[in-house]
Amino acid sequence: MAQQDPEELLELSSETRTILEEQRLRPLWEVEDDFGNVFDDLEADIWKWDEIQSAIDHIEEDVPIADLPPGFQRRVAVPINASIGNAISNTIYVGIQTVSPGETAPSHRHGANALRFTIDGAEEMKTVVAGEEFPMKDNDLITTPQWEWHDHVNDSDETAAWLDVLDLPLVLDSLNASNVFENHELERQPVTKTQGYWDSQYGRGRPTGERPGGDIPGPFEGIREPTPPYRFGWDEMLESLRQRADNDDPDPHDGYSLSYVNPATGNDPLFPTMSFRAQLLNEGPTDPHFHNATEVFFVIDGEGATHVDGEALEWGKWDIFVVPPDATHHHEPDDEATLLGMSDRPVYEAFNFYAEAEPSS
Ligand code: GTQ
């Protein structure tokens with residue numbers, strides 16, 4: 001007897017088919033292959049600073065911020081992963097933003113969490129967040145938590161550039177929360193706090209019984225452990241890394257590694273969706289491992305390579321690269337290197353879904 005086609009076994013009567021269609025129902029065995037196909041597997045990739053630099057110089061020349069169409073109104077070059085189409089990964093977005101002398105990137109707020117990591121900054125380059133002016137000095141990391149007003153004002157005499165990191169793909173694509181966005185009525189929000197206010201309120205003395213700056217306004221009122229607006233100065237972070245290197249053993253996978261903590265909790269992660277580490281690599285290659293979280297790296301200083309599933313991503317200062325989920329990887333600095341490591345691990349952990357392992361050699 002001829003073998004029966006398995007598909008044929010599942011042939012539905014035309015009456016069943018009609019009922020299903022009328023009721024907007026489909027059998028699982030016909031829809032299950034539609035899952036997991038929104039994009040291809042994330043690819044390992046690297047963007048070299050020389051090429052980014054040339055691109056941002058060109059768009060700066062072509063487009064004043066004031067001429068940008070409605071929307072985010074930010075002059076940003078966005079690294080695009082070939083498998084995604086609008087960002088470097090399906091959770092973490094990075095962009096390289098420039099503001100020329102005298103320009104302002106106008107004030108707005110949104111549901112996505114954001115931070116700036118200053119590439120080329122100045123004391124007179126200010127990002128204004130939740131009423132306070134934060135100077136953007138080289139390698140400073142400054143948070144823009146969800147639903148806080150922020151504008152970027154360049155009162156220096158040189159173009160400033162920095163890395164924007166947001167959870168945009170997660171918030172806009174996966175959660176489809178594109179309605180949580182608002183422009184300020186003014187180009188520049190009023191400066192209502194003295195410089196150092198936000199930092200001062202998260203020290204060893206804290207306001208009794210209330211959050212510094214009052215409640216989170218609007219849709220996010222009452223969110224747990226909100227991340228404050230905060231500037232992590234690089235000098236202090238580097239000194240802490242050196243102290244660690246002088247006194248402790250390195251992590252086998254991350255070298256000497258310090259998390260940027262949420263100042264409100266004192267704990268990693270910095271944001272509910274993304275965690276950040278300053279990493280010092282100066283003891284040869286790290287051990288290979290893999291995990292289901294995605295990692296994006298920005299090279300703060302130094303040269304080396306990161307080996308991802310056998311492919312070498314050769315990096316130098318200010319390059320940006322991405323390590324996809326489940327790819328076996330290890331770092332190999334030429335001599336000494338510092339990296340900003342970014343991960344969507346908190347999302348996996350929130351779903352009790354995080355896993356990592358070393359390859360069985
Ligand atoms: O500076 O507020 O790269 O809202 C993307 C979205 C930067 C910003 C980006 C934004 C910003």
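Every value quoted in this text rests on a predicted model; they were computed, and no experiment measured them. Only this structure's heavy atoms are used, side chains among them; waters, hydrogens and symmetry mates stay out. Each residue takes its place number in the sequence, starting with 1. Counting convention: from 1, in listed order, for ligands and their atoms alike.
- In this model, no donor atom of one side chain and acceptor atom of the other lie less than 3.5 Å apart for H330 and T286.
- Within the model, atoms CZ of R116 and CG of L166 stand 6.0 Å from one another, a figure rounded to the nearest 0.5 Å.
- Counting the atoms of ligand 1 from 1 in the order shown, those under 4.0 Å from a heavy atom of H152 are 1 (O), 2 (O), 8 (C).
- With hydrogens left out, the protein atom closest to atom 11 (C) of ligand 1 is R74 CG, 3.6 Å, a heavy atom.
- Figure legend: R244 and Y256 shown without cation-pi pairing, the cationic atom not lying both under 6.0 angstrom from the six-membered ring centre and within 45 degrees of its axis.
- Here is the list of ligand 1 atoms found below 4.0 Å of a heavy atom in V76: 3 (O).
- Of all protein heavy atoms, the one lying nearest to atom 7 (C) of ligand 1 is D164 OD2, 3.3 Å.
- The protein non-hydrogen atom at the shortest distance from atom 5 (C) of ligand 1 is Y93 OH, 3.5 Å.
- Between H329 and H289, the ring centre distance stays below 6.0 Å.
- Under the 4.5 Å side-chain criterion, counting only non-hydrogen atoms from C-beta, F220 is not in contact with P145.
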